*Asks:* 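A single structure is presented below for examination.
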Amino acid sequence: MGPIWIMAGYGSLSIRMGRHWAQILSRHGARVHARFWPGKTRVVIVPKGLAPGILTQLLSPCGDDVTCLHQAWMEEAVRRCLSLGGRKRDREGGRAGTADLALPPLNPYYYHVNALPRPEEKMNVAAGKEKRRGRQTTEEAEKEEEGGEGESGLGGRHRQLETAKWTCREASRAGLLNHNVHLTVFLDELIAIYDMLGSDIAGGRYRRAQYHRFVQILRGLPFAINKDNLRSLKKKRGIGSSMLKDIGEILEYGRLSRLEALKRREGVEACLSFQKVWGVGPATARALFTHDKIQSISELRARVRSHPGILNENQRVGLRYYEEFQERIPRSEVRKIEERVREGTEALYPGMFILTTCGSYRRGASHCGDVDILFAPISDATDDKSDSYFGVCRLGDGYLHRRLDLKVYSRQQYPFAVLYFTGSDHFNRSMRCWAIKHKGEALEKEHDYGGDSDREETWDRANKKEAWALSPSEME
DNA sequence: AGGCAGCGCAC
DNA sequence: GTGCGC
DNA sequence: GCCT
């Protein structure tokens with residue numbers, strides 16, 4: 001076994017256990033790193049809830065030969081070690097004559113990079129599959145999309161096909177059929193309004209987030225909510241009495257009176273449209289309406305012509321492409337953009353960068369809001385500085401302008417950044433939550449897993465990076 | 001009652 | 001310091 | 001908004 005990184009601090013694998021294992025392993029002569037070290041770390045212990053296969057895919061560009069072992073495998077290994085070796089109370093240690101780790105059989109908790117198709121190969125499979133749809137116009141693809149919502153046959157089937165083989169998509173419901181459009185249409189409007197009201201309402205930001213979460217849950221359900229199964233929502237975390245009441249009202253009367261009341265407020269309609277401009281948030285939207293007396297996007301455009309200063313540079317770009325940015329990007333086009341970026345990168349910096357397109361694209365969505373591409377230099381980068389670009393791109397004539405984000409991270413941070421920017425939000429949040437809760441269990445220096453080159457790494461620093469980490473497989 | 005993430009950039 | 005998007 |  002080469003140098004090991006125990007991915008402690010995630011999900012079910014506590015720092016404490018990680019430390020415990022690290023001690024056991026190092027007594028047997030293993031070297032344990034405090035964090036993933038590209039090119040050096042050879043083995044990664046993967047917590048429950050993260051699929052080793054996903055990690056393998058993520059890490060493969062960073063090290064040629066990384067093996068991912070599941071936590072369950074490690075537990076088994078340690079159990080056998082303790083029972084066979086019988087030295088669990090032996091503090092004095094040395095590495096004197098106890099049994100070696102009696103390793104359990106590897107399947108199914110073991111993944112090796114070379115045992116799996118490389119990510120690139122998988123991409124090509126997808127590429128072929130996309131080709132058929134790639135020739136359709138956006139409108140046609142859209143139609144297919146919406147048709148699927150009405151009559152559940154079409155959309156569902158083709159997506160199932162697309163989803164089947166993708167490890168990184170297995171647990172994701174992105175792009176699946178929404179069986180609860182009858183509810184989410186109302187709640188989406190409500191969310192937009194809460195977004196707009198922002199700080200007007202006490203805890204507005206979090207109220208909005210709560211509804212957002214709720215809508216995600218509804219979208220992910222494999223069935224439609226009706227009066228009979230309404231109660232099944234009750235036990236879900238994050239769904240309280242207000243939300244159940246809302247759903248009850250919609251199911252009963254087909255309307256949401258609270259939403260209607262909010263929509264009647266003066267300026268709501270205008271502000272909602274302003275906020276759809278990239279870079280315009282609640283405050284700017286309200287100022288445009290109340291201070292500048294602007295009532296619509298077309299008025300806003302006129303006013304910006306005479307007074308460009310009322311919007312900043314980014315917002316003006318957002319306004320210019322207002323309509324285009326509302327459109328979702330077909331998966332096939334995201335892939336083309338990725339390819340174009342890859343070509344450009346190769347032309348400028350041949351062989352110097354690896355890149356991954358993250359966001360909902362990586363979660364397997366059939367349509368995305370923007371394109372989010374992460375880079376890392378292949379060569380050893382000593383610092384963890386990052387850089388990013390938030391801008392606009394277009395493939396060429398006949399294509400729409402699209403939002404494009406480019407972010408560069410060090411090779412060390414790259415896998416975690418990829419994980420993080422793959423989302424979803426909700427999943428990210430839950431990990432963050434977890435990380436904070438356990439911040440107290442900061443790693444003592446002497447317990448720094450005996451890492452070699454990275455001994456000085458503090459938990460806080462490591463935590464910051466690790467708090468990145470979320471896995472698409474963990475999403476509900 | 002208090003927390004719900006926190007950062008960098010533009011202004 | 002605020003607003004915004006990430 | 002919901003949760004502790």
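Everything numeric here is computed off the predicted structure, so don't read it as measured data. In what follows, chains are A, B, ... by sequence order, proteins preceding strands, each numbered from 1.
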*Asks:* Determine yes or no for a side-chain-to-main-chain donor-acceptor pair under 3.5 angstrom, with A:Glu189 supplying the side chain and A:Leu259 the backbone.
*Replies:*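 It does not hold such a pair.
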*Asks:* Any donor and acceptor pair, going by atom type alone, linking the side chain of A:Asn226 with main-chain N or O of A:Asp228 inside 3.5 Å?
*Replies:*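 Yes: the side chain of A:Asn226 pairs with the backbone of A:Asp228.
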*Asks:* Tell me whether A:Glu338 is salt-bridged to A:Arg342, with the criterion being a basic N under 4.0 Å from an acidic carboxylate O.
*Replies:* yes
*Asks:* Please tabulate, one pair per line, all N/O donor-acceptor pairs under 3.5 Å involving side-chain atoms of residues 394-401 of chain A, not counting sequence neighbours.
*Replies:*
unit_1, atom_1, unit_2, atom_2, d
A:Tyr399, OH, A:Lys336, NZ, 3.3
A:His401, ND1, A:Glu324, OE1, 2.8

*Asks:* So which of residues 241-259 of chain A are in contact with DNA chain D, with a heavy-atom cut-off of under 4.0 Å?
*Replies:*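 Nucleic-acid contacts, sorted: A:Ser241, A:Ser242, A:Met243, A:Arg258.
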*Asks:* If we ignore hydrogens and angles and just use 3.5 Å, is the side chain of A:Asn312 paired with the main-chain N or O of A:Gln315 as donor and acceptor?
*Replies:*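 Yes: the side chain of A:Asn312 pairs with the backbone of A:Gln315.
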*Asks:* When the P atoms of B:dA5 and D:dC3 are compared, how many Å lie between them, rounded to an integer?
*Replies:*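 The same atom, P, in both gives a distance of 15 Å.
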*Asks:* Please list each protein N or O that sits under 3.5 Å from an N or O in nucleotides 9-11 of chain B, with the distance.
*Replies:*
none

*Asks:* Apply side-chain hydrogen bond (donor to acceptor under 3.5 Å, both in side chains) to A:Arg255 and list each qualifying residue two or more places apart in sequence or on a separate chain.
*Replies:*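 A:Arg255 satisfies side-chain hydrogen bond (donor to acceptor under 3.5 Å, both in side chains) with A:Glu260 only.
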*Asks:* Between A:Glu333 and A:Arg402 (salt bridge meaning N to carboxylate O under 4.0 Å), is one present in this structure?
*Replies:* yes
*Asks:* Tell me, please, which residues at least two apart from A:Phe274 pass ring-ring contact (aromatic ring centres under 6.0 Å, His included).
*Replies:*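 Once residues adjacent in sequence are excluded, A:Phe274 has no partner under the ring-ring contact (aromatic ring centres under 6.0 Å, His included) criterion.
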*Asks:* Using whole Å, what does the distance between atom P of nucleotide B:dA5 and atom CZ of A:Phe421 come to?
*Replies:* 16 Å
*Asks:* Heavy atoms only, 4.0 Å cut-off, all strands: where does A:Tyr194 land among base, sugar-phosphate and nothing?
*Replies:* sugar-phosphate
*Asks:* Taking salt bridge (charged side-chain N to carboxylate O under 4.0 Å, His left out) as the test, write out the residues that go with A:Arg208, two or more places apart.
*Replies:* A:Asp195
*Asks:* Along DNA chain D, 5' to 3', what are the outermost nucleotides having an atom less than 4.0 Å from a heavy atom of chain A?
*Replies:* D:dG1 to D:dT4
*Asks:* I'd like to know if the side chain of A:Gln216 and the backbone of A:His212 have a donor-acceptor N/O pair within less than 3.5 Å.
*Replies:*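 Answer holds: no.
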*Asks:* Suppose we screen for side-chain hydrogen bond (donor to acceptor under 3.5 Å, both in side chains). Which residues come up paired with A:Glu323, at least two apart in sequence or across chains?
*Replies:* A:Arg301
*Asks:* What pairs with A:Tyr211 under ring-ring contact (aromatic ring centres under 6.0 Å, His included), at least two apart in sequence or on another chain?
*Replies:*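 Once residues adjacent in sequence are excluded, the partners of A:Tyr211 under the ring-ring contact (aromatic ring centres under 6.0 Å, His included) criterion are A:Tyr194.
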*Asks:* Where the side chain of A:Thr290 meets the backbone of A:Arg286, is there a donor-acceptor pair that is under 3.5 Å apart?
*Replies:*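 Looks like yes, one N/O pair under 3.5 Å.
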*Asks:* Does the distance from a Lys or Arg side-chain N to an Asp or Glu carboxylate O, for A:Lys293 and A:Glu299, drop under 4.0 Å?
*Replies:*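 Result for this pair is no, no salt bridge flagged.
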*Asks:* More 5' along DNA chain D: A:Tyr206 or A:Arg237, using each one's nearest nucleotide?
*Replies:*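 Per heavy-atom nearest nucleotide, the more 5' residue is A:Tyr206.
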*Asks:* Near DNA chain C, counting only heavy atoms under 4.0 Å, which residues of residues 287-298 of chain A show up?
*Replies:*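 None, since no heavy atom is under 4.0 Å.
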*Asks:* With sequence neighbours excluded, tell me which residues meet ring-ring contact (aromatic ring centres under 6.0 Å, His included) with A:Tyr206.
*Replies:* none
*Asks:* Which part of the nucleic acid does A:Arg286 contact within heavy-atom distance under 4.0 Å: base, sugar-phosphate only, or nothing?
*Replies:* nothing
*Asks:* Reading DNA chain C in the 5' to 3' direction, which nucleotide is the first one with an atom under 4.0 Å from a heavy atom of chain A, and which is the last?
*Replies:*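 Here the contact window of chain A covers C:dG3 to C:dC6.
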